[in-house]
Protein chains: 2
Amino acid sequence: MKTTSKTPPYEEVEAILRDYLEKKGHRKTPERFTILKEIYSIDGHFDIEDLYVRMKNNKYRVSRATLYNTTELLLDCNLIVKHQFGHHSAQYEKSFQYGQHDHFIDIDTGEVSEFWDERLEEIQKYVEDTLHVKISHHSLVFYGKKLP
Amino acid sequence: MKTTSKTPPYEEVEAILRDYLEKKGHRKTPERFTILKEIYSIDGHFDIEDLYVRMKNNKYRVSRATLYNTTELLLDCNLIVKHQFGHHSAQYEKSFQYGQHDHFIDIDTGEVSEFWDERLEEIQKYVEDTLHVKISHHSLVFYGKKLP
DNA sequence: ATCCATGCAAACCGTTTGCAAGCAA
DNA sequence: TTGCTTGCAAACGGTTTGCATGGAT
């Protein structure tokens, strides 16, 4: 029941960003493409600080401010997704590697697992109908412990 | 399909806190009961700052630190629940007034609506079985816009 | 009398903002 | 050349922490 999809070649996501910037009238700066490339080399979740450290280690000169700005753009063109687990730093991940999924977080270790259940779509439809709204995205997180 | 339940008399929740503090060996300070009483007079969501202002308006001398400490205790004995919507201040609500429910948040206005769909329990069971875990709580939030 | 809990203020930390310098258009 | 974007550092805001005082036990 868990869906997966492959990461497309980097050229493809780069083209998506290029078209998006074009359409919105934003500048195609080298920083934006470098950041996208770095993000697409990361498997799993990362936060801004992770990204900052990675790019510094790669001897690339970036500021956290630019990382915050650029992730905002990448969110807007759906190249990444953002998760707010608890009150800590926001977690991001590229949105092509895995299909749609939600999260389970181990209370003891903080470890994150993923799952997907189609019935959530039925719930979404129910909510849209009863509250008379159009849902654009959601966040579902289960918290608990591993069974022995 | 939406479930509701009535707020029990204040004496009942006070007894729950009293028993909890007793069992845990924590002191039964007047602050803790006053804060509980204030919280149970609030309908809907509130954050620490809301609570602080309310108590100040009622001429009660509290510190934010004590509010943070006490809400931690009230969470632990299940007299309140905590929601982390976005990266902003945590929202709390007494856990007796409404039954189990989840949230829809209007992207434009920030307005919060509630709903309940039993199929979520089936999803929870599915996740427990496939990931081999025991789930203690969850957070489900849909984001979207009102239909015209 | 103990020592946990409180009030206050400072520290903390992720995120946002202001601004001068840089560079895409 | 124009003015959006960047890097840097300071500001911001919710939460946590340190510490002296106070009060439950």
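Order of the sequence lines fixes the chain letters, A, B, ..., with proteins taken first and strands second; residue numbering starts at 1 for each chain. Everything numeric here is computed off the predicted structure, so don't read it as measured data.
Rounded to a whole Å, the CD1 atom of A/I48 is 17 Å from the C1' atom of D/dC8. Atom CZ of A/F85 is separated from atom P of C/dG14 by 17 Å (rounded to the nearest Å). Following rounding to the nearest Å, A/E72 (CD) and C/dT16 (P) show an atom-to-atom distance of 7 Å. The separation between B/K24 atom NZ and C/dC4 atom C1' is 16 Å, rounded to whole Å. Residue A/R61 contributes atom CZ, which lies 13 Å from atom P of C/dA21 at whole-angstrom precision. Rounded to whole Å, atom P of D/dT15 lies 11 Å from atom CG of B/D50. Between the OH atom of A/Y52 and the P atom of D/dT6 there is a distance of 15 Å, given to the nearest Å. As a whole-Å value, the separation of B/Q84 CD from D/dG13 C1' is 13 Å.
Counting heavy-atom neighbours within 6.0 Å of B/K56 NZ, excluding the residue itself, gives a total above 12.
Interatomic distance, B/R119 CZ to A/D117 CG, rounded to the nearest 0.5 Å: 11.0 Å. Rounding to the nearest 0.5 Å places CG of B/L131 at 10.0 Å from CD of A/E114. Separating the CD atom in A/Q84 from the OH atom in A/Y92 is a distance of 8.0 Å, to the nearest 0.5 Å.
A centroid separation of less than 6.0 Å is found between the aromatic rings of A/F142 and A/F115.
Rounded to 10 degrees, the angle separating the terminal helix axes of the helix from C/dA1-D/dT25 to C/dA25-D/dT1, each built from five base pairs, is 30°.
Under a cutoff of 6.0 Å and an axis angle of 45°, A/R18 and A/F33 form a cation-pi pair.
For the side chain to side chain donor-acceptor pair (under 3.5 Å) test, no residue two or more places apart in sequence or in another chain qualifies with A/N69.
The existence of a salt bridge linking A/R64 and A/E49 is confirmed by a sub-4.0 Å separation between a basic side-chain nitrogen and an acidic carboxylate oxygen. With respect to A/K28 and A/E22, a salt bridge is recorded, a charged nitrogen being found less than 4.0 Å from a carboxylate O.
Contact check, A/T66 against D/dG7: a side-chain N or O comes under 4.0 Å of OP1 or OP2. Close to C/dA5, at under 4.0 Å from its OP1 or OP2, lies a side-chain N or O of B/R32. Residue B/S89 places none of its side-chain N or O atoms closer than 4.0 Å to OP1 or OP2 of D/dG14.
Nearer to the 5' terminus of DNA chain C, by closest-nucleotide assignment, is the contact made by B/I35 (compared with the other of B/I35 and B/H87). Of the two residues near DNA chain D, B/K82 and A/S63, the one whose nearest nucleotide lies more 5' is A/S63.
Listed nucleotides D/dT15, C/dT15, C/dT6 differ in distance to B/Y68; the shortest reach to its side chain belongs to D/dT15.
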With sugar-phosphate taken as primed atoms, P, OP1 and OP2 and all else as base, the protein-contact string of nucleotides 20-25 of chain D at under 4.0 Å (heavy atoms; B, S, -) is ---BBS
